[in-house]
Amino acid sequence: MRRIFSEYAYGDGPRAGCWWDETIAAPDWPVAAGDIRADVAIIGGGFTGMSAALHLAESGVSVAVFEAKAPGWGASGRNGGFCCLGGSKLSDAQKRRRYGAEGARAFDDAEREAVALVASLIERHLISADTHSHGETQLAHNARAMDALRRQADAGHGRVHEKHELATEGLNGEFLGGLTSDVGFALNPRKYLFGLAAAAATSGARLFQSSPVNRIEQGARGHILHTPKARIKAETVLICTNGYSSEDMPPWLAGRYMPAQSSVMVTRPLSEAELQAQGWTSDQMAYDTRNLLHYFRLMPDRRFLFGMRGGLLTSPRAEAGIHARLRRHFNAMFPAWTGVEATNLWSGMVCLTRGLMPYVGPVPGTPGLFAGLAYHGNGVAMGTYSGRALARLALGSDPGLPHAMKTPLARFPLGRFRRAIMPPVYLVLGFGDL
């Protein structure tokens, strides 16, 4: 595999300390070995791959999932657990300019459908995922951002909270107001993922762990996949590797996706007195209006989760640095909790595209090969939705996707050295947050 970060980024170091690992044990899937046949082979066992596997298996298709590491090892097992809107990083105005009013509306509808799909899967398969929060709240970090939130409320995109109302809502902090959308909820992503996996296995999907696909060949009737111990024949292959993709799996992906780091911390359980001291008593999931945003929520066990974007390097030293920066930002935003212990800190990769829009569709020039990726840090809902769309594509049916998600991926400049564009981009975004 050819990847654009150092090997450290794809090892166990960044995810060591992940809180979700302590909440549910991983299932024990077999390692792929020998000759395996399937109608559809899925590379990647996260939200996208597992949703695709479940929907295909329920349709009676022979499907096999190949996860490179342990179950839940990747982004789906270590993210913030926000099931919400936000699969694209384009503004409403940018979406309208690029896709027209109807195209922008179709994508917005797809985002809401994605959240509803997760809720329906949790209900239908009786997945215990510690769900909470009624929608989500965006909190203004400066006066200019608060004016923008008021304009969104005027346009019917939620209900506004002025600064003096936040304490009443149990959302007190260093903010100038907020905007609440009724769409979305929070969950334990690892429990949700393993619930999907159990449902897929019950429906007949075969799930394999520690089985990285290191080569794909075009066969006489479909594709031949190679793992260290197995040779797989499949008519259709779905690439569901997102931020942990490889430049050569398949070669078409080279330069068309950008992994970006996101880091998370979780505190010990907070006492009622500590919650009252800060004035944050709501279980509403929230994020701020910065370009390099922070996201946070009080979980059912009264631990507080706090995450942020912005890491650029991967090494033990860089990881320690981003953890320290994460803590500084937490202390600044929630000063009453400066002395509260953070029991867990970790990081992982989100995935962006040059067009700042997810992609689900065929890999050009390779019949029977499809890919779904790039949820811009909001993969719980959009990954699940994209997995269902990939299943429909594999079945030869209409995926039901908005045009915006079918637009072919453009390459980033600088090819495999494209990470070099991130420091100046982050610098500009940081200045925009002032």
Side-chain angles (χ1 to χ4, degrees), residues 1-5 7-12 15 26-54 56-57 61-78 193-194 196-198 200-201 203-254 257 259 348-349 351 362-363 366-373 383 387 390-391 394:
M1 292 186 182
R2 290 191 292 111
R3 287 161 160 167
I4 67 171
F5 276 86
E7 283 303 308
Y8 180 82
Y10 306 103
D12 292 332
R15 82 176 315 282
D28 186 20
W29 303 339
V31 175
D35 290 329
I36 298 172
R37 289 181 178 271
D39 296 330
V40 181
I42 298 174
I43 303 175
F47 297 134
T48 306
M50 212 53 68
S51 173
L54 172 59
L56 285 166
V61 171
S62 168
V63 58
V65 178
F66 301 91
E67 168 58 46
K69 299 279 190 175
W73 182 91
S76 296
R78 63 171 105 170
L193 176 64
F194 292 166
L196 284 182
S203 296
R206 288 169 288 169
L207 313 179
F208 298 97
Q209 66 179 342
S210 304
S211 302
V213 175
N214 48 43
R215 187 156 51 97
I216 305 174
E217 298 175 359
Q218 190 78 39
R221 298 178 64 181
H223 305 273
I224 302 172
L225 286 64
H226 298 267
T227 73
K229 297 182 179 181
R231 182 173 182 269
I232 303 103
K233 290 185 177 181
E235 294 179 15
T236 304
V237 177
L238 308 181
I239 307 296
C240 305
T241 46
N242 204 36
Y244 291 86
S245 294
S246 171
E247 297 287 272
D248 57 353
M249 198 62 59
W252 167 81
L253 264 180
Y257 67 100
M349 297 289 189
C351 185
V363 172
T366 313
L369 190 60
F370 300 90
L373 71 161
L390 285 170

Hey, are the side chains of [X] and [Y] touching, using non-hydrogen atoms and a 4.5 Å cut-off?
| X | Y | value |
| --- | --- | --- |
| Leu373 | Thr241 | no |
| Trp73 | Asp12 | yes |
| His223 | Gln218 | yes |
| Ile216 | Ile43 | yes |
| Pro228 | Asn214 | yes |
| Cys240 | Met50 | no |
| Ile239 | Leu253 | yes |
| Asp28 | Gln209 | yes |

Give, for atom [atom1] of [X] and atom [atom2] of [Y], the distance between the pair rounded to the nearest 0.5 Å.
| X | Y | atom1 | atom2 | answer |
| --- | --- | --- | --- | --- |
| Ile42 | Phe370 | CD1 | CZ | 12.5 Å |
| Met349 | Ser245 | CE | OG | 11.5 Å |
| Leu207 | Trp29 | CG | CH2 | 5.0 Å |
| Ser76 | Phe47 | OG | CZ | 4.0 Å |

Review point. Considering the options Thr366, Val363, Val213, Leu225, which one meets the side-chain contact (heavy atoms from CB on, under 4.5 Å) requirement together with Val237?
Key: Leu225
State, to 0.1 Å, how close [X] and [Y] come at their nearest heavy-atom pair, and which atoms those are.
| X | Y | result |
| --- | --- | --- |
| Arg2 | Asp248 | N-OD1, 3.4 Å |
| Ser203 | Leu54 | OG-CD1, 4.1 Å |
| Ala41 | Ile232 | CB-CG2, 4.4 Å |
| Thr48 | Gly372 | CG2-O, 4.2 Å |
| Ala38 | Ser62 | CA-OG, 3.5 Å |
| Ala230 | Ala33 | CB-N, 3.6 Å |

Review point. Could you walk me through whether Leu56 and Leu238 pass the side-chain contact (heavy atoms from CB on, under 4.5 Å) check?
Key: CA-CA 11 Å; Leu56 285 166; Leu238 308 181; 4.1 Å; yes
**Study point:** Under 3.5 Å donor-acceptor, Arg3 side chain and Tyr244 backbone
**Key:**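 Such a contact is found between Arg3 side chain and Tyr244 backbone.
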Exercise for review: Would you please name every residue forming a ring-ring contact (aromatic ring centres under 6.0 Å, His included) with Phe208, sequence neighbours left out?
Suggested key: Phe66
